[in-house]
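Here is the naming used below: chain letters follow the sequence lines, and residue numbers restart at 1 for every chain.
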Amino acid sequence: MSQPNSDPNIYDGLMFVALSAVVVGIIFLVMALGQYGWSGP
Amino acid sequence: MNNIVGKMLIVLNLVFCILFMCFAGAVYTFAGAWKDKALDLEGRLEVAQKATEDANSARDRETKQLNALLSAATSERDLVKAQLQDAQTADASSRAQLAQAEQERDKALADAEVASTEASARVAEAEVLNKEVQSLRDRINQLIQRARTTEDSLLDLQGRLASAEKRETDLLADNGKLRDQLRSNDIEPGEFGDSSTEEGVARVDGFVEGLIRNQARTQELVQITIGSDDKIRKDMSMIVYRGGNYICEARVIKVYPDKAICVVDEKTRTDTIERGDNVTTKLGS
């Protein structure tokens with residue numbers, strides 16, 4: 001029986017950075033689409 | 001092993017997420033330029049479309065104008081063709097008239113040449129006639145001169161005749177005086193004369209055989225049928241009568257054996273002499 005590791009390691013940080021990059025990329029796309037008069041559903 | 005794969009997947013996930021973010025940033029960064037470019041292109045497209053429409057409308061107008069010009073040119077061409085045809089017809093008629101005129105001109109020239117030749121002949125003939133007229137004038141002048149000379153001689157002869165008549169009158173007067181002297185001396189004149197008196201003339205009858213008058217109709221000659229064989233002598237006085245009518249006396253001027261020529265004494269004429277009238281040397285037996 002293994003004990004859950006509660007301490008975040010480097011990979012958790014990398015996953016956080018990757019998620020942040022995705023979010024930023026989506027924001028860029030939304031802004032780019034907004035320039036063409038795109039409106040949300 | 002699972003950890004290693006998980007870690008690699010996490011790293012790949014990170015790499016892809018970063019790439020996604022970069023691409024999204026790039027899209028966001030260059031999207032403005034692309035939009036401006038697109039708007040610019042749209043404006044240019046509109047301008048080009050407008051220009052195209054203007055060009056099309058201008059082309060349509062020009063096409064209409066050109067069509068109108070074409071129709072006008074076509075009608076004008078037809079008119080010009082008609083005029084050309086008329087001109088060709090007129091040209092043909094003019095050529096025909098020209099040919100006819102040339103024929104008439106040639107004919108007139110030929111006639112003129114003939115007339116010129118005839119005129120030359122007439123001129124030559126006129127020259128000959130002029131020469132002849134000139135010679136006739138000269139002849140007339142000569143004749144006039146001769147007539148004047150003849151008139152002069154006639155006047156001279158008339159003068160001589162007048163003097164001779166005067167001399168005859170004087171001689172007759174002297175003869176009468178001598179006869180009166182003879183009678184005063186009881187001598188009958190003619191007592192010692194010859195036998196050729198009127199009393200010695202025997203009666204001889206004849207007929208008028210011919211008559212002729214001079215041009216001035218002042219003197220008439222009579223040819224009678226008795227002559228020297230009938231003892232007719234020159235200067236005898238003949239009596240012309242018709243039936244019981246006395247006509248005139250005539251003096252014998254020329255005697256032939258069987259005929260004689262007498263000149264009528266106009267002072268004794270009572271009628272016109274005709275051929276066949278009787279002639280005698282004396283009336284009675």
Q: For B:R59, give me all partners under salt bridge (charged side-chain N to carboxylate O under 4.0 Å, His left out), at least two apart in sequence or on another chain.
A: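 Once residues adjacent in sequence are excluded, B:R59 has no partner under the salt bridge (charged side-chain N to carboxylate O under 4.0 Å, His left out) criterion.
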
Q: Looking at B:A24 and A:G25, what are the two nearest heavy atoms and their distance?
A: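 It is CB-O, 3.1 Å.
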
Q: Take a 6.0 Å sphere around CZ of B:R213 and say whether it holds more than 12 heavy atoms from other residues, nucleotides or ligands.
A: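 Counting neighbours around CZ of B:R213, more than 12 heavy atoms of other residues, nucleotides or ligands fall under 6.0 Å, so yes.
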
Q: More than 12 non-hydrogen atoms from neighbouring residues, nucleotides or ligands closer than 6.0 Å to CD on B:E274, yes or no?
A: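 Counting other residues, nucleotides and ligands, CD of B:E274 exceeds 12 neighbours.
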
Q: Look at atom CD of B:E102 and say whether more than 12 heavy atoms of other residues, nucleotides or ligands are closer to it than 6.0 Å.
A: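 Atom CD in B:E102 is crowded, with more than 12 foreign heavy atoms closer than 6.0 Å.
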
Q: Heavy-atom count around B:R44 CZ within 6.0 Å, excluding the residue itself: above 12?
A: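 Counting other residues, nucleotides and ligands, CZ of B:R44 stays at 12 neighbours or fewer.
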
Q: How about CG on B:L155, more than 12 heavy atoms from neighbouring residues, nucleotides or ligands closer than 6.0 Å, or not?
A: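 Count over threshold, so yes.
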
Q: Please list every donor-acceptor pair closer than 3.5 Å that links chain B with chain A, giving the two atom names and the distance for each.
A:
unit_1 : atom_1 : unit_2 : atom_2 : d
B:G32  : N      : A:Q35  : OE1    : 3.4
B:K35  : NZ     : A:Q35  : O      : 3.1

Q: Out of curiosity, A:I26 CD1 to B:F20 CZ, how far, rounded to the nearest 0.5 Å?
A: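 Answer for the CD1-CZ pair, A:I26 versus B:F20, is 5.0 Å.
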
Q: What distance do A:F16 atom CZ and B:C17 atom SG have between them, rounded to the nearest 0.5 Å?
A: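 Between A:F16 CZ and B:C17 SG, I get 12.5 Å after rounding to 0.5 Å.
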
Q: Looking at B:R139, I'd like to know if its CZ atom is crowded, meaning that more than 12 non-hydrogen atoms belonging to other residues, nucleotides or ligands lie closer than 6.0 Å.
A: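 Atom CZ in B:R139 is not crowded, with 12 or fewer foreign heavy atoms closer than 6.0 Å.
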
